Amino acid sequence: MPTDNMPHELPKAYEPGAIESRWAEYWKHEKLFHASTPPDGHARNMFSLLLPPPNVTGRLHMGHMLNQTEMDIIVRWHRMRGDLTLWLPGTDHAGIATQMMVERQLRTEGKSRRDLGREAFIERVWCWRKQYGGAILDQMKRLGASVDWEREYFTMDENLSRAVREVFVRLHEQGLIYRGKYIVNWCPDCGTAISDLEVKHEEVAGKLYEIRYPVVGSKEFITVVTTRPETMLGDTAIAVNAKDERYTHLHGKMVMLPLMNREIPIILDELANPEFGTGAVKVTPAHDPNDFQAGLRHNLPQIDVMDERAQMNQNAGPYAGLDRFDARKRVLADLEAQGFLVAIKDYTISLGKCDRSGTVVEPRLSEQWFVKIEPLAKRAIEVVEKGYIRFTPENYKTIYLNWMYNIHDWCISRQLWWGHRIPAWRCGDCGEVMVARATPTKCTKCGGAKLEQDTDVLDTWFSSALLPFTTLGWPEATRDLDVFYPTSLLITGFDILFFWVARMIMMGCWFMMPPEKPKSPGEKTASHEEALRNSVPFREVYIHALVRDAERQKMSKTKGNVLDPIEVIEQYGTDATRFTLAAMAAPGTDIAFNPSRTEGYRNFANKIWNAARFMFMNVDRIGEVVARASSPAEAGSQGVAGFKAETLEDRWILSRFNGVAAYVNEALEEFRFHEAANRIYDFFWGEFCDWYIELIKPRLMFEEGADTGAAQVACGNLVALFEASLRLLHPVMPFITEEIWHAIYDGKPPLKSIALAAFPESNPKQIDLQSETQMAVLQDLIVSVRNLRAEMKVEPKVKAPIQIYALEPEIRSLIEQNRGAILSDRQANVESITFVEASLAKLAGARHTARFDVHLMYEQKIDVAAECVRLKKDLEKLERDVANAERQLGNQSFLAKAPASVVEGLRRQKRENQGLIEKTKSKMRELGCN
RNA sequence: GGGCGGUUAGCUCAGCUGGUUAGAGCGCCUGCCUUACAAGCAGGAGGUCGCAGGUUCGAGUCCUGCACUGCCCACCA
């Protein structure tokens with residue numbers, strides 16, 4: 001590999017691919033992120049968090065990448081700050097998703113899961129998992145996620161499964177799990193019940209059908225309205241409102257159900273709203289949740305007319321065997337033919353679809369297991385209301401609470417094969433249902449031995465809800481649980497706020513809350529609060545938004561706008577992709593992911609790379625002794641160690657670095673990733689590279705006759721500052737920082753990884769505001785001259801003298817002391833500097849600022865017209881500003897109420913602007929502007 | 001029907017607790033192959049902060065209304 005005489009083997013161009021895979025492998029192989037539990041008391045601060053387990057079937061998408069980037073930044077930051085840090089990874093067995101995936105595979109072989117049978121099918125799923133289940137974690141590795149791979153889990157692991165059974169049994173013992181026949185959301189495609197949350201409602205244009213039912217023993221009809229005429233085959237009543245006078249005369253009558261020729265009663269029920277439709281409604285207890293409740297109130301029979309595939313069954317008489325949608329057409333045609341269909345109107349209906357399959361969900365009467373949620377919710381509300389769990393952004397607290405206040409019982413049984421099987425057994429002799437931790441051998445009631453386990457499995461989210469404690473060893477009282485629970489933080493997307501976050505809170509606060517010991521009342525309260533506070537699954541939740549495409553569209557396969565993070569990574573590198581996400585991750589706002597942005601951050605990485613090459617070039621030339629003189633990583637985290645601030649730019653950059661470190665720490669504290677990332681970017685590129693490196697070049701013996709000692713100091717400073725900057729950057733860009741950091745130590749670093757070095761904290765002693773002010777003046781001067789050169793079209797190679805007028809002696813001496821830098825062709829590129837005693841502001845080719853006037857002495861006819869336009873624009877703005885300032889300063893209450901610094905600042909600014917106005921005017925006169 | 005957001009430069013977005021001249025990236029214009037980097041350097045153009053009121057000495061920032069727009073929740077046939 002041509003190294004171009006470059007030391008430390010850094011190739012000329014930044015190539016992320018090679019370095020990233022190497023370090024990802026190294027980190028995992030060296031087990032750098034393994035958090036071993038300390039044997040006794042917590043000597044260090046602890047920081048723990050759980051990776052939201054991706055589905056084993058999953059492929060990494062931008063949402064994952066955002067989530068993991070944010071977690072990794074926080075985790076690396078904590079680890080570098082010396083916390084005992086645990087980031088726990090794992091995958092979720094994802095019941096329906098995985099089962100569907102394997103069934104699809106079977107279908108290609110012309111088989112169904114029923115052909116295999118339950119046991120063989122499950123065996124097959126395990127095979128599938130073994131073969132493909134690691135893909136998503138492999139992808140995670142490429143992101144650089146600093147998880148504890150030694151603790152990786154799978155939700156179907158034996159220990160986790162045992163914990164799930166334990167929870168189920170305990171809840172059942174506590175009367176919080178019950179079984180019963182209710183209307184549930186049924187997906188005919190998946191063949192299972194699903195929870196309310198798994199139903200997505202969609203507004204669609206539908207129809208409202210008016211159907212008349214003949215009243216028995218009269219010539220009258222009663223007309224009902226429905227959106228689902230096919231369910232009338234299961235009608236068992238018609239309801240009217242008792243207060244609805246239109247129907248008073250029909251109270252107690254029967255109607256004949258058309259098509260089925262069955263007599264059903266007219267009942268009085270609140271279900272019927274006199275305001276809606278005809279005020280009369282058909283009641284189908286087996287196919288509608290409201291009708292189901294009404295049916296219970298009136299003791300109505302429940303006639304289920306569909307099977308589990310949503311095809312009409314024998315109860316549907318002549319319609320048996322038809323699909324529900326075909327049945328609708330047939331029913332309508334028949335009603336029409338027989339004169340029962342009164343009208344069809346357009347109507348917008350909210351159609352529930354299965355989240356997973358997209359099939360229209362059927363409300364179906366079936367026997368299911370439920371969690372009685374209210375007691376759990378009560379506690380989950382309490383801990384959030386009391387602030388024991390903090391939400392960021394805060395508005396999610398409201399959203400969470402609103403949901404929790406209106407929560408319904410949770411249907412947890414699924415008619416699937418893949419998942420945690422419900423630990424309930426039914427006695428074949430007496431029908432008794434037993435819930436037990438271990439397979440019972442005989443019936444607890446009749447002693448019979450013909451026991452069959454419930455065929456259902458649990459909702460995947462049931463086991464996920466337990467992860468914060470089960471992954472730490474619960475129900476055993478483990479050391480891990482003691483140390484790492486409650487976890488410190490959860491970072492996740494709002495899409496699983498209810499599915500997962502809310503349920504973890506409910507389960508955590510329920511199972512990690514020790515039983516109350518009866519004690520004296522006062523003591524009890526205090527310890528109760530303490531226990532409650534420590535029962536939460538996490539102390540903080542950070543909710544991030546959605547990653548959209550560059551046009552703000554939701555990424556979806558059908559739209560074809562899905563950005564594959566791996567592709568972006570391959571193009572620009574992981575570091576640049578991470579940086580993009582971090583820089584755009586303002587709390588509470590969606591991220592419009594634009595790869596052009598990533599290209600920009602790849603360029604930033606390249607900038608870092610080349611700055612490193614520059615540094616090494618000097619280290620090798622000036623002597624490695626200097627570079628190694630201090631061992632910054634060992635010197636602690638306060639400021640920059642081993643830095644000798646001798647010049648203005650030294651004092652300035654040191655001060656800026658410490659300011660940035662303070663800012664970054666504060667920003668990360670509040671999950672303001674974008675502020676942290678942008679601040680580092682601006683510092684490294686805009687200050688460190690653009691100004692500092694350029695300013696020290698003369699000292700680094702670039703110039704003839706430079707002083708060797710000064711060069712060594714400058715080089716040492718460069719290394720020290722660079723090393724500290726790498727640590728600051730590392731949480732966001734782990735790979736490139738690791739690469740350069742090792743190169744700094746020539747492959748023999750004091751620690752195995754920069755990830756184990758200290759994160760920079762601000763050192764107040766290294767903050768030097770005076771140098772920052774001085775540097776600002778110097779920069780202002782240099783930029784002014786560059787400005788003038790551009791305006792006057794001075795040839796790049798031509799130098800001209802400048803005159804400077806400055807009243808304040810300290811400004812003059814500042815300029816005097818930095819004369820060399822100003823003269824340099826890297827900076828102002830001027831021939832000479834002369835101080836004059838009179839204002840220069842009104843001269844053409846001059847600039848006036850608060851601290852100085854500068855005049856570029858260059859004879860070139862300037863573009864008068866263009867200059868006039870520019871001056872006029874300046875003038876207008878100045879006059880506006882002065883007018884504003886005058887208005888404010890004339891205002892007594894402003895003078896009385898505004899802080900003195902604001903008033904003083906405004907006065908000064910006004911004075912300066914007035915001066916400028918005069919000068920601008922005279923300049924305009926001089927040029928002959930009108 | 002409830003609830004939560006968004007509207008700032010041509011595009012995509014920042015702007016924390018109200019304070020002196022509203023920022024960035026990309027794009028655009030001008031000039032530079034200056035030996036770390038053309039994935040770069042220097043300079044520049046571009047904004048009545050959705051509209052209308054209000055609070056305040058002072059509003060992009062707080063309040064009210066409106067318009068447009070997105071999302072979540074909800075068993076109204």
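Reminder, nothing fancy here: chain letters follow the sequence lines and each chain counts from 1. Quantities reported herein were computed from a predicted structural model and do not represent experimental measurements. Hydrogens, waters and symmetry mates play no part in the numbers below; they use all other heavy atoms, side chains included.
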For this session: Could you check A:V225, A:V331, A:L332 and say which one makes a side-chain contact (heavy atoms from CB on, under 4.5 Å) with A:Y209?
Result: A:L332
Exercise. Is RNA chain B part of any stem, that is, at least 3 consecutive Watson-Crick or G-U pairs with both distances under 3.5 Å, and where?
Worked result: B:1-7 with B:67-73, B:10-13 with B:23-26, B:28-32 with B:40-44, B:50-54 with B:62-66
For this session: Can you sort out the partners of A:K200 under salt bridge (Lys or Arg N to Asp or Glu O under 4.0 Å), two or more places apart, ordered by chain and number?
Result: none
For nucleotides 43-47 of chain B, list the nitrogen or oxygen atoms of the protein found under 3.5 Å from its nitrogen or oxygen atoms, one pair per line.
| unit_1 | atom_1 | unit_2 | atom_2 | d |
| --- | --- | --- | --- | --- |
| B:G44 | OP1 | A:N787 | ND2 | 2.9 |
| B:G46 | OP1 | A:K873 | NZ | 2.8 |
| B:G46 | OP2 | A:K873 | NZ | 3.2 |

Using atom names, set out every protein N or O paired with an N or O of nucleotides 30-34 of chain B below 3.5 Å, distance rounded to 0.1 Å.
none

For nucleotides 19-22 of chain B, list the nitrogen or oxygen atoms of the protein found under 3.5 Å from its nitrogen or oxygen atoms, one pair per line.
| unit_1 | atom_1 | unit_2 | atom_2 | d |
| --- | --- | --- | --- | --- |
| B:U20 | O2' | A:Q909 | OE1 | 3.1 |
| B:U20 | O2 | A:G905 | O | 3.3 |

For this session: Would you indicate whether the side-chain heavy atoms of A:V732 and A:F673 approach each other to under 4.5 Å?
Result: no
Exercise. Between the base of B:A36 and the side chain of A:E694, is there any donor-acceptor pair under 3.5 Å?
Worked result: yes
Exercise. Looking for any heavy atom pair under 4.0 Å, which part of the strands does A:A272 touch: base, sugar-phosphate only, or nothing?
Worked result: base
Problem set entry | side-chain contact (heavy atoms from CB on, under 4.5 Å) involving A:A193 - partner list, sequence neighbours excluded | A:V184, A:W186, A:Q368, A:C411, A:Q415
For this session: Would you indicate what A:D690 reaches in the nucleic acid, counting non-hydrogen atoms under 4.0 angstrom: base, sugar-phosphate, or nothing?
Result: sugar-phosphate
Exercise. Nearest of B:G25, B:A39, B:A14 to any side-chain atom of A:N606?
Worked result: B:A39
